[in-house]
Amino acid sequence: MNRKEEISSNLHDVQIKIARAANLAGRGVDEITLVVVTKTFPVSDLQILYDLGVRDFGEIRDQEGSAKAAILPKDIRWHFLGQIQSRKIKSISSWASVVHSLDSLEHAAKFAAPEHTDIHLQFFAQVNLEPEREDRGGIPLEKVGDFLSSLRDTYSIHPIGLMCVAPVERSPTQIFSQVAQKSLELQGEFPELRALSMGMSGDYEEAIAAGATHVRIGSSILGSRIQIT
Ligand SMILES: *Cc1c(COP(=O)(O)O)cnc(C)c1O
């Protein structure tokens, strides 16, 4: 199999599994956005995905994402999934459409700065379900309500949903339903909070069952990558 056949076949399998999981959950497949996570993979792979119809790509590094975005067609939506660094925010704002990993007011202030206000970024607020692992990023679930209030009141930022990465040691089903439950609770006060970014190669079917609207899938489609994070 050449690379194009390999990616095409993997993509097809994932799309079938997404459709099946949506079906089982009584949900429409059009409710779910597949973000193909392309970090570490070459532009030639992204071009193959583009030719297969993929328009949502996920990256975790500013330098890599901005370089790829400069080369590839302009109708791609770039999703920034990585930990945010203050000094990269201006650049991230220039190529990304959706930031999944907002978890600090300091970063929000930079995204909302006057020189960026012509940019229409969408945000997810990242939550962290292992408070003992703060290095992973994310707001503890019990503090996310306060975080959303501050984003709204101070920066006029209205995240479209919550994002999480399920800790490996915990049951993804349990984690995803906890996050979905929290999202429901918050919707009264934050009506724009409609999306849920959760589910990766190992657990996206569970995430869809729990209500994920954005699944972020890399290795199931592109193969294993050299570990960079
Ligand atoms: C790498 C990454 C993914 C995709 O992981 P796979 O296991 O390869 O599907 C999803 N979300 C984030 C935040 C990532 O860093």
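The analysis underlying the following values was restricted to heavy atoms, covering all of them including side chains, and did not include hydrogens, waters or symmetry mates. Remember, it's 1-based here, ligands and their atoms both numbered in the order they're listed. This is a predicted model, so every value here is computed, not measured.
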### Query
With atoms numbered from 1 as shown, which atoms in ligand 1 lie under 4.0 angstrom from a non-hydrogen atom of K39?
1 (C), 2 (C), 3 (C), 14 (C), 15 (O)
### Task
Run down the list S220, S219, G137 and name the one with the heavy atom closest to atom 7 (O) of ligand 1.
S219
### Distance filter under 4.0 Å to I217 heavy atoms, resulting ligand 1 atoms
9 (O)
### Query
Who passes side-chain hydrogen bond (donor to acceptor under 3.5 Å, both in side chains) against Q15, sequence neighbours left out?
none
### Task
Could you list the atoms of ligand 1 found under 4.0 angstrom from a heavy atom of I60?
15 (O)
### Query
Looking at side-chain heavy atoms only, is the closest gap between D56 and V98 below 4.5 Å?
no
### Message
With a 3.5 Å distance limit and no angle check, can you tell me whether Q187 reaches the backbone of L193 through a side-chain donor-acceptor pair?
### Response
yes
### Query
From S9 OG over to D13 CG, what is the distance, rounded to the nearest 0.5 angstrom?
5.0 Å
### Summary
Note: ligand 1 atoms sitting under 4.0 Å from heavy atoms of R225 are 1 (C), 5 (O), 6 (P), 8 (O)
### Task
Report the member of V37, T40, L81 with the shortest heavy-atom distance to atom 13 (C) of ligand 1.
L81
### Summary
Heavy atoms of L81 and M163 approach each other most closely as O-CE, 4.3 Å
### Query
Which residue pairs pass the ring pair (Phe, Tyr, Trp, His ring centres under 6.0 Å) test with at least one member in residues 28-66, sequence neighbours excluded?
F57-W78
### Those atoms of ligand 1 less than 4.0 Å from some heavy atom in S201
6 (P), 7 (O), 8 (O), 9 (O)
#### Entry: Atoms of ligand 1, numbered as shown, that sit under 4.0 Å from any heavy atom of G218
4 (C), 6 (P), 8 (O), 9 (O)
